[in-house]
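These numbers were taken from a predicted model, which means no experiment stands behind them.
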Amino acid sequence: MKSNFLLLALSMFSFGALAQSNEPVQSTELVSMTKLEVGLQGIGVGYEVPFSNKWSVNLSAGFGGGYSIDKNSYANGFKSTFILNEPVAYFRSEFKHTYNRNKRSIKSKSLLNNAGNYVAFQTKYTTGRVFESDEWSQINNPLNRTLLNEVHWGMQRPLGQKFLYNLHIGLGYAADFDFKNSQLYPAAGLQFAYVISKNKRL
């Protein structure tokens, strides 16, 4: 009886060791991804491409809300407006340093879809309204040509195999080319993305 128990224990130990050795090891290398992005910035298409194990750039373009910086007797400050039927076009580049993927790997946390925490510098340019609007709309809700530069901390996490979410907070500086004004602003962003395709690092 004892020998049977010992044999069973040894078999279970051997099976457990074999199963553990066969577990797939997650690569900490970043991958390039083409994505459909939806978030506070609007809706667009993005391409995230790494150029090292920790550095990557995310390039995106789409349609969304616009900005203006009013400084007169009636208003003072940075204003963001999202009018569904009067979108602006945006073009954005984000340089990211993802710093904790090795630690996530050691803790057996998912590295899928470039998951990790990061710090980044982002530049975003928005146009005026894509479609013509009446003069009153432009006076009441100006959407101007604006350049936004910001530094932020963020986190990117997978939602299953094909989806991910991304959020960040930081500080930015906006310049309004039409009103000739500029201002610091607190930066925050939330974005969901569907991964259209993925490839290894270039």
Open item on the list: Counting neighbours of NZ on Lys79 that are heavy atoms of other residues, nucleotides or ligands and sit closer than 6.0 Å, is the number greater than 12?
Closed with: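 Result for NZ/Lys79: enclosed.
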(request) Taking atom NZ of Lys103 as the centre, report whether more than 12 heavy atoms of other residues, nucleotides or ligands fall under 6.0 Å from it. (result)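 For Lys103, atom NZ is not crowded (no more than 12 foreign heavy atoms under 6.0 Å).
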Could you tell me which non-hydrogen atom of [X] sits nearest to which non-hydrogen atom of [Y], and how far apart they are?
X      : Y      : answer
Ser32  : Tyr47  : CB-OH, 3.9 Å
Ser182 : Ala175 : CB-CA, 4.1 Å
Gln183 : Gly77  : OE1-CA, 3.1 Å
Asn102 : Thr28  : OD1-CG2, 3.3 Å
Ile69  : Phe179 : O-CD1, 3.4 Å
Gly65  : Thr126 : O-CG2, 4.5 Å

Query raised in the report: Are the side chain of Arg104 and the backbone N or O of Leu111 linked by a donor-acceptor pair below 3.5 Å?
Result: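 Not a single qualifying donor-acceptor pair exists.
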Atom [atom1] in [X], atom [atom2] in [Y]: separation rounded to 0.5 Å?
X      : Y      : atom1 : atom2 : answer
Tyr185 : Leu171 : OH    : CG    : 8.5 Å
Asn53  : Glu29  : CG    : CD    : 5.0 Å
Leu112 : Asn114 : CG    : CG    : 9.0 Å
Leu36  : Lys162 : CG    : NZ    : 11.5 Å
Lys107 : Lys109 : NZ    : NZ    : 5.0 Å
Arg101 : Ser110 : CZ    : OG    : 8.5 Å

Residues two or more places apart in sequence or in another chain: which of them pass salt bridge (Lys or Arg N to Asp or Glu O under 4.0 Å) with [X]?
X      : value
Arg129 : Glu86
Lys35  : Glu37, Glu48
Arg145 : Asp178
Glu150 : none

When clusters are formed by joining ILVMFWY residues with side-chain heavy atoms under 4.5 Å apart, either directly or through shared neighbours, do Met155 and Tyr99 land in the same one?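 Yes.
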Requested in this report: Indicate, with yes or no, if Ile196 and Val49 share a hydrophobic cluster defined by side-chain heavy-atom contacts under 4.5 Å among Ile, Leu, Val, Met, Phe, Trp and Tyr.
Outcome: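 In one cluster with Val49: Ile196, no.
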With side chains defined as the heavy atoms from C-beta onward, is the minimum distance between [X] and [Y] less than 4.5 Å?
X      : Y      : result
Asn141 : Ile83  : yes
Arg92  : Asn58  : yes
Thr146 : Lys124 : no
Asp70  : Asn181 : no

Leu190: partners by side chain to side chain contact (heavy atoms under 4.5 Å, CB included), with sequence neighbours left out
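With neighbours one apart ignored, the set is Leu40, Leu167, Phe192.
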Problem set entry | Partner residues of Phe121 under the side chain to side chain contact (heavy atoms under 4.5 Å, CB included) criterion, sequence neighbours left out |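 Testing Phe121 for side chain to side chain contact (heavy atoms under 4.5 Å, CB included), a comparison that skips the adjacent residues, returns Thr123, Asn149, Val151.
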**Q.** Residues forming a ring pair (Phe, Tyr, Trp, His ring centres under 6.0 Å) with Trp55, sequence neighbours excluded
**A.**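 Trp55 satisfies ring pair (Phe, Tyr, Trp, His ring centres under 6.0 Å) with His97 only.
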_Taking ring pair (Phe, Tyr, Trp, His ring centres under 6.0 Å) as the definition, give me every residue that meets it alongside Tyr67, ordered by chain and number, with sequence neighbours left out._
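Ring pair (Phe, Tyr, Trp, His ring centres under 6.0 Å) check on Tyr67 returns Phe78.
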Does any pair with a residue in residues 144-175 pass ring-ring contact (aromatic ring centres under 6.0 Å, His included), and if so which ones, sequence neighbours excluded?
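For residues 144-175, and leaving out neighbouring residues, the ring-ring contact (aromatic ring centres under 6.0 Å, His included) pairs sorted by first residue read His152-His168, Phe163-Tyr194.
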Worksheet entry | Residue among Asn113, Asn117, Asn166 satisfying side-chain hydrogen bond (donor to acceptor under 3.5 Å, both in side chains) with Arg157 |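 Single side-chain hydrogen bond (donor to acceptor under 3.5 Å, both in side chains) partner of Arg157 among Asn113, Asn117, Asn166: Asn117.
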For Leu147, which fellow cluster members are found when Ile, Leu, Val, Met, Phe, Trp and Tyr are connected by side-chain heavy-atom distances below 4.5 angstrom, either directly or through intermediates?
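Besides Leu147, the cluster holds Phe91, Tyr125, Phe177.
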Checking one residue: Val130. Which other hydrophobic residues are in its cluster under the side-chain 4.5 Å linking rule?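 Result for Val130 is Phe63, Phe131.
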Pairs involving residues 110-123, ordered by first then second residue, that meet salt bridge (charged side-chain N to carboxylate O under 4.0 Å, His left out) (sequence neighbours left out):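 The answer is none; no pair qualifies.
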